Q: 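There's a structure below that I have some questions on.
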Amino acid sequence: MNKNSSNIMALAPNTSKKRETVCIFGTGDFGRALGHKMIQSGYPVVFGSRSAQISSLIPKDAEVLSHAEAAQKAAIIIIAIQRQHYNFLTPLAEILHGKVLVDVSNNLKINQYPESNAEYLAQLVPGAKVVKAFNTVSAWALQSGTLDASRQVFVCGDDMEAKQMVMDIVRALGLTPLDQGSLLAAQEIENYPLQLFPMWKFPIFLSLGLTAFFFFYCLIRDIIYSYVYENKDFSFFIAISIPNRICPILALMLLALVYLPGVLAAILQLYRGTKYRRFPDWLDKWMLCRKQLGLVALAFASLHVLYTLVIPIRSYVSWRTSSSILSQAQKNETQPLNTTYAWLSDSYLALGILGFFLFVLLGITSLPSVSNNVNWREFRFVQSKLGYLTLILCTAHTLVYGGNRFLSPSSYRWYLPNAYMLSLIVPCIVLVVKCVLIFPCLDKPLTRIRQGWERNPQSSE
Amino acid sequence: MNKNSSNIMALAPNTSKKRETVCIFGTGDFGRALGHKMIQSGYPVVFGSRSAQISSLIPKDAEVLSHAEAAQKAAIIIIAIQRQHYNFLTPLAEILHGKVLVDVSNNLKINQYPESNAEYLAQLVPGAKVVKAFNTVSAWALQSGTLDASRQVFVCGDDMEAKQMVMDIVRALGLTPLDQGSLLAAQEIENYPLQLFPMWKFPIFLSLGLTAFFFFYCLIRDIIYSYVYENKDFSFFIAISIPNRICPILALMLLALVYLPGVLAAILQLYRGTKYRRFPDWLDKWMLCRKQLGLVALAFASLHVLYTLVIPIRSYVSWRTSSSILSQAQKNETQPLNTTYAWLSDSYLALGILGFFLFVLLGITSLPSVSNNVNWREFRFVQSKLGYLTLILCTAHTLVYGGNRFLSPSSYRWYLPNAYMLSLIVPCIVLVVKCVLIFPCLDKPLTRIRQGWERNPQSSE
Amino acid sequence: MNKNSSNIMALAPNTSKKRETVCIFGTGDFGRALGHKMIQSGYPVVFGSRSAQISSLIPKDAEVLSHAEAAQKAAIIIIAIQRQHYNFLTPLAEILHGKVLVDVSNNLKINQYPESNAEYLAQLVPGAKVVKAFNTVSAWALQSGTLDASRQVFVCGDDMEAKQMVMDIVRALGLTPLDQGSLLAAQEIENYPLQLFPMWKFPIFLSLGLTAFFFFYCLIRDIIYSYVYENKDFSFFIAISIPNRICPILALMLLALVYLPGVLAAILQLYRGTKYRRFPDWLDKWMLCRKQLGLVALAFASLHVLYTLVIPIRSYVSWRTSSSILSQAQKNETQPLNTTYAWLSDSYLALGILGFFLFVLLGITSLPSVSNNVNWREFRFVQSKLGYLTLILCTAHTLVYGGNRFLSPSSYRWYLPNAYMLSLIVPCIVLVVKCVLIFPCLDKPLTRIRQGWERNPQSSE
């Protein structure tokens, strides 16, 4: 059913039976939107408001009473009020005793207050059962019914029964409740909607830094060098040629960085002789953002493919081709086909195509809905076996591209090697170490360690 | 687990305990498929049939009785009969009193009857609790277990408890129940399986109309003009050249139309001084199909990329290249590299690549499983910030492609400007108005209005 | 919320109330990981262990007791022990009477034992209610919280109430329980995590076989023939030219094989005059792996697109272009534009682009999260109508590519036709038969048969 139809449907509150009354404190945007949605889902709703005056914006089927009167009518009270005004609840403490208070508030900054709003509420009204919920849903989404973004509602609270009641309401509203445990989780839940791709920060800053470095590196080697020594203006290389050097370099390096922490962890486990000691913090964090690193690498690889495929359309390239043909025509000579060079050119392109194809496959299997349909053995097969095959193909692609240029002195302008040579360092290290780890003398103990065996068992007591 | 395995598993009805008996009226395809599936899930099933004669197609573990007898054995009765035959239920009204009747029927046309089948059923048997469910699932899907399409089952009904019982059965069958509210929603639920991409209709018809217009426009300018004035037959342009003009034009125009309603809404809110008045209906509808508009635009952009990348393989293009080189060779002249032109060519390609790359990113984040994993701030960041960046890049791509041709009189054949010039009108308007709206003197009041502030508060009472 | 945050949240077991105590037998990796996760979710956990000695790895908030003592404290006992050691449970039979035993074990091979581990457990402790669950989740995933792969937990068991209790725990742990029916399903559930893409095996082996055949076919025709008769070394064709012949051939053949079983089924139903007889086993299996066949075909089509688009960058191709231009320059001749050839070249490219575009659309709609958002009518429209259109476009692309080469004798080296001609056999058969089936004289009875009509109704009794 289209997302927008949910606000058309189910407009008959009067015919519904048996849902328990819900009280909402606060008649702001969010309180009204939530009340509206609840009425649609068959809940009788009572608003608690400072002024008994009824605004035209409040859903018609809802009652509006004073806070104290409204609270007495329901077992569940939703506090749709900003944290600064929570203290008006203190005089109501007696009425609120034993009631379920749902904190739906958000802050403006991450960790704005020492304790979460929900915990603060629990301190203010000690007799009530506080549950944190609904803060990840926007008023606009509730109102318009266009829940394109997440339908997940994180719920936490110390009282199981209260939490269950709130989760039932969440489900009745067509949203997905996710139990996050006790009220201690409220801080995390309140920070969640304020985050902007937290897991992507490291991969993106890393790639921005590397991009800047390689941009200036290529600028010096390819544009400034030509300008200084050959007096040629190749400044237009900035648009396509240089990006098309940076993208494959970053794709390869980031892909290698996806597999480096796994190799480091294996070495660490072999050295320690146990898997029961925590990895250093940086290694843990690195391992958790491997998926994001890989996807950023895939983005650079895709750009590289696009930049490469437009090469024949570039006006500079067609000029180069025609001037090379014209100079041959003037000399009246015809070059024979160089089979070695045809082999090199074709095989580096083929390796690149296969590498990119596998890379895209990896990307597709990391889509949540796809990875949810495979079992662990399949997921590991794809992410590990296919992943290493991708790394091998992409490294080979770069090596064959280099061909015999590695030893040619003309590749070292101002003693700077070609940028792609630098990009080969990390992937080659990863592949060599991985090859060494596959030898039975290392693989066998590693497998045993990973199954729980310990070299010095007493160390773990 | 593979979708087809669910019909292999769980074949032992006898060992299951405690599921309540379910009665099914009707032994047609759907009734039998549903009965089969329920027996697999551990429900005792009784069929109610006109003839007590037992067909070999009815699941073996099910009893077949007369309607009255069968109804007495169960609290839930599934009415797997066509609406035309519902009136046979009238004599059974006494037995059906207080029972849960599940209407699973579908119609052949949208809004075929004045009231939904479920409401008609409720009128016929006033003492029963009617619940609408299962109409979105096909008999074939139930039987084969290959639920590749939706597992969602929309449920609605006036009695909460009855609805809950049906939703439990839905869940036990491995399907996902979605509560749609009271029985008034039945009409909408019955129309749902008859719809064919309702949200896509406007974007698709719009783009078909624009495609036809620009096709004839280009036909006149590029083929008929050449034929009339230069007597050249460029009719083969119909295959690739003209589609490759239409696609980028439509991609850019549709992308601009995604962002135009947001800009209009902002102007309207500023003018009215409140956000609490409904937008005109056309604007509301337009805003709801923005995602579909954007995806159609992405489809055109992808086709444009493919059409552009095959350019060098086209036999016409290689003929053009070789004849241009040959004419230079005959004149024995060599053109020097035109750096300005190299800059223009490279930068318009680079802008196009980056624009398309961001556009694909936007497309990926609109996949349901991806957008479900981001919070609101992230979703808005991607769809608004990245979206505008895409629009800016694509507009710049078209502007630079035009280069200095805008002023050249040869671009105006028969006083018709190049088609891409027409495509720039809407995106330029959107970008200019958006720029104006960013100015603090407009942005500040707009933000306040969106936070609930009203210029003339009394107007909303 | 990011997947890794769930292990940070909800660390306050003491404040939680009312969750029932869970007992875990076995303090290995999986038992500890599960215990840890349960404590986080608010369950009091008691470990049953052979040695009362407390390992430092066991979660601090858990008690460790002897098996008998631990079992008495809980209604649910998780048996996190390998099957070989299950017989230690026999002496505990009296204590375990009436308890819910959760079998979480996995085997090393598919169908390793005659009966599933869970059924074996049920035989050992006849008085207990055995439920199979959690075997699809890995210890590592539970511990790290990075549930990138499936969150689905298959649950089966003969006792409904016991199953419900286990499913509640699964839900509380943030995982998705899927009821698979009675304990007979345990075998299937235990085999599940050991499977490696079972539905993909046939498509992948088929395409590997066809790839090998066509590779040698092209090797003989394109490389060995040239070497023998023309003494030219075209061995570098192995890298790109030959793959770029194999990929489109396989894509087209596999796509036709997706639609062949549907056509065969229609013929069979027409011949039999009923839809109520089972298809032969091979046809059933074939129909169930159509989606996988189609996706493999899409993979080959994507490779074909990439291989084709790099053509102009290949050094061999640029050599061929320049030598053809140079030979023209030496003869001082200029070829005029051959409009027929331009038409052929452009239209085969355009057909290929449109076919590939629709093919990608089909691929996107087969993503689980997308197909979950369409109704049956839409799903069938896309997979059938758009699918046949794709097949028609791709077949036409190949036919136009062949052009007038079909009759040219030079296409038959060593009497072997060009490989692409072979690939046209299956799609042409499918399209012709489908066309015949659309005729009303066949379509009408087929539609009636599919709606349940039978030519000889008595045959089905």
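First the proteins, then the strands, lettered A, B, ... as listed; each starts at 1. Computed from a prediction, not measured in an experiment: that's the story for all the values here.
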Q: Which residue out of A/Leu349, A/Leu337, A/Ile325 racks up the most heavy-atom pairs below 4.5 Å with chain C?
A: A/Leu337
Q: Atom CD of residue position C/Gln82 - does it have more than 12 heavy atoms of other residues, nucleotides or ligands inside 6.0 Å?
A: no
Q: Let's test your reading of the structure: which of C/Ala299, C/Ala329, C/Ser322, C/Pro243 forms the most heavy-atom pairs below 4.5 Å with chain A?
A: C/Ala299
Q: Which region of A/Thr365, side chain (C-beta onward) or backbone (N, CA, C, O), has a non-hydrogen atom less than 4.5 Å from a non-hydrogen atom of chain C, or is it both or neither?
A: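 For A/Thr365, no heavy atom lies under 4.5 Å from chain C.
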Q: Is chain C contacted by the side chain of A/Tyr341, its backbone, both, or neither, given a heavy-atom distance below 4.5 Å?
A: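 Backbone plus side chain of A/Tyr341, per the 4.5 Å heavy-atom cut-off to chain C.
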Q: Look at C/Asp222 together with C/Arg245 and state whether they make a salt bridge at an N to O cut-off of under 4.0 Å.
A: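 Salt bridge present between C/Asp222 and C/Arg245.
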Q: Indicate yes or no: at least one non-hydrogen side-chain atom of A/Phe202 is less than 4.5 angstrom from one of A/Gln292.
A: no
Q: Does this structure show an ion pair linking A/Asp284 with A/Arg278, if we count only N-O contacts that are shorter than 4.0 Å?
A: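 Salt bridge: yes.
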Q: Going by distance alone, is a donor N or O of one side chain under 3.5 Å from an acceptor N or O of the other, for A/Ser116 and A/Glu119?
A: yes
Q: Report the option among C/Leu303, C/Ile238, C/Asn244, C/Val370 that has the most heavy-atom pairs separated by less than 4.5 Å from atoms of chain A.
A: C/Leu303
Q: Given heavy-atom pairs under 4.5 angstrom as the criterion, report whether the side chain, backbone, both or neither of A/Pro336 touches chain C.
A: backbone
Q: Could you please state which residues from residues 352-361 of chain A sit under 4.5 angstrom from chain C, measuring non-hydrogen atom to non-hydrogen atom, sorted by number, or 'none'?
A: A/Ile353, A/Leu354, A/Phe356, A/Phe357
Q: Any side-chain to backbone donor/acceptor pair from C/Asn135 onto C/Val104? Under 3.5 Å, distance only.
A: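 Flag not set: sc C/Asn135 to bb C/Val104 has no pair under 3.5 Å.
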Q: Do A/Arg377 and C/Gln195 have a side chain donor and acceptor closer than 3.5 Å?
A: no
Q: Nearest 0.5 Å, what's the CG-OG distance between C/Leu298 and C/Ser366?
A: 8.0 Å
Q: Could you grab the distance from atom CZ of A/Arg290 to atom CG of A/Leu295, nearest 0.5 Å is fine?
A: 13.0 Å
Q: Could you look at A/Val382 and say if it's the side chain, the backbone, both or neither that has a heavy atom under 4.5 Å from chain C?
A: side chain
Q: Please look at A/Leu326 and chain C and tell me whether the side chain, the backbone, both or neither of the residue comes under 4.5 angstrom of a heavy atom of that chain.
A: neither
Q: Taking only residues two or more places apart in sequence, or in another chain, which ones meet A/His397 in a ring pair (Phe, Tyr, Trp, His ring centres under 6.0 Å)?
A: A/Tyr348
Q: When heavy-atom pairs shorter than 4.5 Å are enumerated against chain C, which of A/Val305, A/Thr308, A/Leu309 gives the highest number?
A: A/Leu309
Q: Using only atom types and a distance under 3.5 Å, with no angle test, would you say the side chain of A/Ser384 pairs donor to acceptor with the backbone of A/Phe381?
A: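 No, the answer is negative, given that no donor and acceptor are paired below the 3.5 Å cut-off.
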Q: Can you tell me which of A/Gln328, A/Gln187, A/Gln383 forms the most heavy-atom pairs within a distance under 4.5 Å of chain C?
A: A/Gln328
Q: At a 4.5 Å cut-off on heavy atoms, which part of C/Ser235 comes close to chain A: side chain, backbone, both, or neither?
A: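 Both backbone and side chain of C/Ser235 come within 4.5 Å of chain A.
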Q: Go through A/Met167, A/Met287, A/Lys275, A/Arg380 and name the one with the most non-hydrogen pairs under 4.5 angstrom from chain C.
A: A/Lys275
Q: So do A/Leu344 and A/Val400 actually touch side chain to side chain, heavy atoms under 4.5 Å?
A: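 A side-chain contact exists here, since the closest heavy-atom pair is under 4.5 Å.
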